Amino acid sequence: MPRRTRGGLEREIHAVLAAAGGPMTPGQVRDALDGDLAYTTVLTVLSRLFDKGEITREAVGRGYGYSAPYDAAELTARRMALLLSDGDRATVLTRFVDGLSPGDEQLLRSLLDR
């Protein structure tokens, strides 16, 4: 199996939870990934996502059921907002916009104009 990119397993697990429509146990998440991941690996990633506030959990039997309260786009937007809250917003936003492709810059402009 090829090596995952940095954060790849977190994104995969978040996508599984977002698609589920309800809480999933670590075992259910592992089974949905169709991989040969260890239960403890899935549990560790779920715990990290929970600690970062990116997923929620609720008691289910003797363990927890995990849910994704928002989709990948909302998660990315929340991460961007968090990054902007730390430091010189104007400089960060300027560098972000400077790095956009012309198509993305036009999309951003149209979103701001609506």
Side-chain angles (χ1 to χ4, degrees):
M1 177 183 282
R3 195 161 168 82
R4 286 181 173 84
T5 60
R6 184 170 189 249
L9 184 55
E10 284 188 1
R11 283 188 295 278
E12 288 177 45
I13 287 176
H14 189 275
V16 165
L17 291 174
M24 295 179 75
T25 65
Q28 291 169 326
V29 172
R30 184 190 60 200
D31 293 344
L33 290 171
D34 290 328
D36 56 352
L37 294 169
Y39 177 89
T40 54
T41 300
V42 173
L43 184 58
T44 297
V45 174
L46 288 167
S47 295
R48 288 181 181 163
L49 288 170
F50 175 76
D51 290 343
K52 290 194 267 185
E54 296 181 1
I55 62 173
T56 59
R57 72 179 180 196
E58 61 187 68
V60 174
R62 293 174 37 202
Y64 290 105
Y66 295 85
S67 301
Y70 27 78
D71 64 17
E74 177 69 18
L75 178 61
T76 300
R78 287 174 177 269
R79 287 176 178 165
M80 290 171 66
L82 182 63
L83 291 171
L84 284 173
S85 69
D86 192 30
D88 181 359
R89 294 173 69 92
T91 301
V92 172
L93 286 170
T94 299
R95 291 194 177 153
F96 175 75
V97 170
D98 287 347
L100 292 175
S101 70
D104 285 344
E105 187 174 344
Q106 183 58 42
L107 173 61
L108 181 58
R109 194 174 308 280
S110 69
L111 290 171
L112 291 171
D113 289 341
R114 64 179 179 160

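The structure presented is a predicted model; accordingly, all values stated were derived computationally and were not measured. Below, all heavy atoms of this structure are taken into account, side chains as well, without hydrogens, waters or symmetry copies.
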Interatomic spacing from CG in L17 to CG in D71 - rounded to 0.5 Å: 13.0 Å
In short, E10 meets V45 closest at the heavy-atom pair CG-CG1, 3.8 Å
Any pair counted as side chain to side chain donor-acceptor pair (under 3.5 Å), so long as it reaches residues 56-67, sequence neighbours left out: none
Taking all heavy atoms of A38 and all of R30, pick out the closest pair and write down the distance. C-CD, 4.3 Å
Side-chain donor-acceptor contacts of residues 92-103 below 3.5 Å, not counting sequence neighbours, with atom names and distances?
from	atom 1	to	atom 2	distance (Å)
T94	OG1	A90	O	2.7
S101	OG	D104	N	3.1

For P26 and V42, work out which heavy atoms get closest and say how close. O-CG1, 3.6 Å
Name each donor-acceptor pair under 3.5 Å that joins a side chain in residues 72-81 to protein atoms two or more places apart or in another chain, with its distance.
from	atom 1	to	atom 2	distance (Å)
E74	OE2	R78	NE	3.1
T76	OG1	A72	O	3.0
R79	NE	E54	OE2	3.0
R79	NH2	E54	OE1	2.7
R79	NH2	E54	OE2	3.3

Linking I/L/V/M/F/W/Y whenever their side-chain heavy atoms sit closer than 4.5 Å, directly or via other members, would L33 and F50 fall into one cluster? yes
From E105 CD over to L107 CG, what is the distance, rounded to the nearest 0.5 angstrom? 11.0 Å
Cluster overlap I55 with Y39, hydrophobic side-chain contacts below 4.5 Å: yes
Report the distance from atom CD of E12 to atom CG of L37, rounding to the nearest 0.5 Å. 8.0 Å
Could I get the full list of side-chain hydrogen bond (donor to acceptor under 3.5 Å, both in side chains) partners for D113, not counting sequence neighbours? none
Closest heavy-atom contact between L84 and R89? O-CG, 3.1 Å
For T40, side-chain hydrogen bond (donor to acceptor under 3.5 Å, both in side chains) partners two or more places apart: none
List the residues meeting side chain to side chain contact (heavy atoms under 4.5 Å, CB included) with T44, not counting sequence neighbours, and say none if there are none. R48
Given side chains that start at C-beta, do those of L9 and T41 come closer than 4.5 Å, heavy atoms only? yes
Here the pair of heavy atoms bringing A32 nearest to V16 is CB-CG1, 3.6 Å
